[in-house]
Protein chains: 2
Amino acid sequence: MARTPVWKSIAIALTDDIAQGRYETGGKLPAEAQLATRFGVNRHTVRRALAEMSEQGLVHSRRGAGVFVAAKPTDYPIGRRVRFHQNLTREGRSPAKQILTLETRAASAREAKALQLDPGAEVHVYDGLSLADGQPIALFQSIFPADRFPGILDALQEQRSVTAALQKFGVGDYTRIETRITAKLATATQALHLRIAEGSPILRTTGVNGDPQGRPVEFGRTWFAGDRVTLTVGGES
Amino acid sequence: MARTPVWKSIAIALTDDIAQGRYETGGKLPAEAQLATRFGVNRHTVRRALAEMSEQGLVHSRRGAGVFVAAKPTDYPIGRRVRFHQNLTREGRSPAKQILTLETRAASAREAKALQLDPGAEVHVYDGLSLADGQPIALFQSIFPADRFPGILDALQEQRSVTAALQKFGVGDYTRIETRITAKLATATQALHLRIAEGSPILRTTGVNGDPQGRPVEFGRTWFAGDRVTLTVGGES
DNA sequence: AGGTAACATTTGTATAGTTGTATAGGAAAT
DNA sequence: ATTTCCTATACAACTATACAAATGTTACCT
């Protein structure tokens, strides 16, 4: 008779707790030490159970903070119009953006080409972090031509929304000109922001948005946490 | 596999930022709290990174003010001609002098001997602070024979430059007759002026400058902040 | 103009809590 | 005998929170 290991039954019990809604998604589980006394076992045994659940993507832990119930993977449509805020509210999730850095610098060759600028022209750069229900979803970098959008960084600082900021400059609508998607591994800093392990899979998309006249207005790069996002293509709306 | 600690990768990222010139030397870094949100970690983790960088002399912090990019150590040539202003402008740094006290008093035995004066003769004393890019570099004390340079204190008060002041009295050129260098620990008052910790290493130089005829015109003592200055000897120009 | 008081900002310090990792060893199943 | 499961302990790394201390800024009064 192969008895089920203790840790497995603990994992089942905790999984059930989550399913029953006793711990809400995104919420914190009791500390490992507390769970250990609750189940009357050593902390390591609880850890073994949590490791199993973590591997299944049910929970994720942050050193020093606690163990959290993982949110469901996000479906993120990549169509002609990509609007972060819209994408998430449609799914009933609460989006948020966090500014990491705002700076102005000379464009790299790659950036200048994408935006059809002279090499070395000035660009405004917006580095940020996208969150859904408080959980990091993606890192992004938005680059705008400085001469056409002077002071756009101030607008972004106030509202954080690219759509709203561009509207201030008379760009009421913009659509994707080009999108590329590749797979990468998370660097240390990326992993830090996205709260994933170093070396976890990352979806990187590179895209250029243009105004109705076809002039490029934004060159954007986005790094999605592969475990939390599913990109969907097609099915335009 | 020993993963690199989070604080280390932050220190590396910040060091790189400084090296890339994103934060100019002498300039202020974002507040610890801001850096913490930018890197998505707790403030203490940022502090750990800053502590490492501070130990390496890359930054220094002032409570209530901020964290500043430490200026690179200054190469200060001690040759036959020591000109503070020249030394720094050659390195592309902006020098400044700050007067602490100007007074006239009787020379001590040591001072009288160095200047070849009768014991108890009157001397003018110029206590001041040298700065590079706004950062304190050294405390100094310049002593002049009062009978030969009456009213030199007024000249110094106007221009603060020893070279210019001596020129007013017909000393167009002067060179080092003698220089001594020793190491000390900073006293409380010295530390205050130099903005270093009490007990930090201090380079003390004692020197006598003389006119072309070999007559001593100035007896000077300088206390350099050991962390910020490297004295270089030889390689006359 | 100058001083002063109040306030907000920022770094320094202390304490406690939480997860991550390493090591060592006992008990039970194969 | 060996392997797996679990316990026990200790320490490192990071978080969370609160408060102290120094600084810079601004408003206001004289």
Side-chain angles (χ1 to χ4, degrees), chain A residues 1-14 23 27-55 58-70 134-136 188-189 191-200, chain B residues 1-14 23 27-55 58-70 134-136 188 191-193 195-198:
Chain A
M1 281 288 252
R3 281 219 332 260
T4 59
V6 177
W7 62 264
K8 206 156 210 170
S9 58
I10 292 177
I12 290 172
L14 285 176
Y23 302 119
K28 201 174 109 175
L29 258 56
E32 291 174 352
Q34 288 183 37
L35 289 175
T37 64
R38 166 179 152 189
F39 288 105
V41 297
N42 189 272
R43 183 163 80 96
H44 283 317
T45 310
V46 171
R47 282 181 64 73
R48 181 68 189 85
L50 290 174
E52 179 81 359
M53 296 167 70
S54 178
E55 202 150 320
L58 244 151
V59 298
H60 62 100
S61 57
R62 275 174 54 207
R63 174 188 296 208
V67 180
F68 300 85
V69 180
Q135 191 182 47
T189 27
L192 205 59
H193 282 125
L194 293 173
R195 302 200 191 292
I196 56 181
E198 193 174 336
S200 298
Chain B
M1 281 284 249
R3 281 216 330 261
T4 59
V6 174
W7 62 263
K8 205 158 211 168
S9 59
I10 291 177
I12 291 173
L14 285 175
Y23 303 118
K28 203 173 106 175
L29 257 58
E32 292 174 349
Q34 286 181 40
L35 289 176
T37 64
R38 167 177 155 193
F39 287 105
V41 300
N42 190 272
R43 184 163 78 95
H44 284 310
T45 310
V46 171
R47 281 179 66 73
R48 181 68 186 84
L50 290 174
E52 178 81 359
M53 296 167 70
S54 178
E55 201 152 319
L58 213 74
V59 298
H60 62 100
S61 56
R62 278 171 50 208
R63 175 189 292 206
V67 180
F68 300 83
V69 180
Q135 192 182 46
L192 199 60
H193 281 123
R195 294 204 172 139
I196 57 180
E198 191 174 339

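Numbers restart at 1 for each chain; the letters A, B, ... are given by sequence-line order, proteins then strands.
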[X] [atom1] - [N] [atom2] separation (whole Å):
X: Gln34(B); N: dT10(C); atom1: CD; atom2: C1'; value: 10 Å
X: Arg195(A); N: dA13(D); atom1: CZ; atom2: P; value: 19 Å
X: Glu32(A); N: dT9(D); atom1: CD; atom2: P; value: 17 Å
X: Leu35(A); N: dG17(C); atom1: CG; atom2: C1'; value: 15 Å
X: Ile10(B); N: dT15(D); atom1: CD1; atom2: C1'; value: 13 Å
X: His60(A); N: dG20(C); atom1: NE2; atom2: C1'; value: 17 Å
X: Trp7(A); N: dA28(C); atom1: CH2; atom2: C1'; value: 17 Å

Rounded at 0.5 Å granularity, tell me how far [atom1] in [X] sits from [atom2] in [Y].
X: Leu50(A); Y: Arg43(A); atom1: CG; atom2: CZ; answer: 10.5 Å
X: Ile12(A); Y: Met53(A); atom1: CD1; atom2: CE; answer: 10.5 Å
X: Ile10(B); Y: Leu35(B); atom1: CD1; atom2: CG; answer: 8.5 Å
X: Leu14(A); Y: Glu52(A); atom1: CG; atom2: CD; answer: 12.0 Å

Which of the following nucleotides, [options], is nearest to the side chain of [X]?
X: Arg62(B); options: dG20(C), dC6(D), dT23(D); value: dT23(D)
X: Val6(B); options: dT11(C), dC14(D), dC6(D); value: dC14(D)
X: Ala65(A); options: dC5(D), dT15(D), dT10(C); value: dT15(D)

Would you call Glu32(B)-Arg47(B) a salt bridge at under 4.0 Å N-O?
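Salt bridge: yes.
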query: Heavy atom of residues 38-52 of chain B under 4.0 Å from DNA chain C: which residues?
result: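 Arg43(B), His44(B), Arg47(B), in order of number.
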query: Residues in salt bridge (charged side-chain N to carboxylate O under 4.0 Å, His left out) with Arg195(A), at least two apart?
result: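 None.
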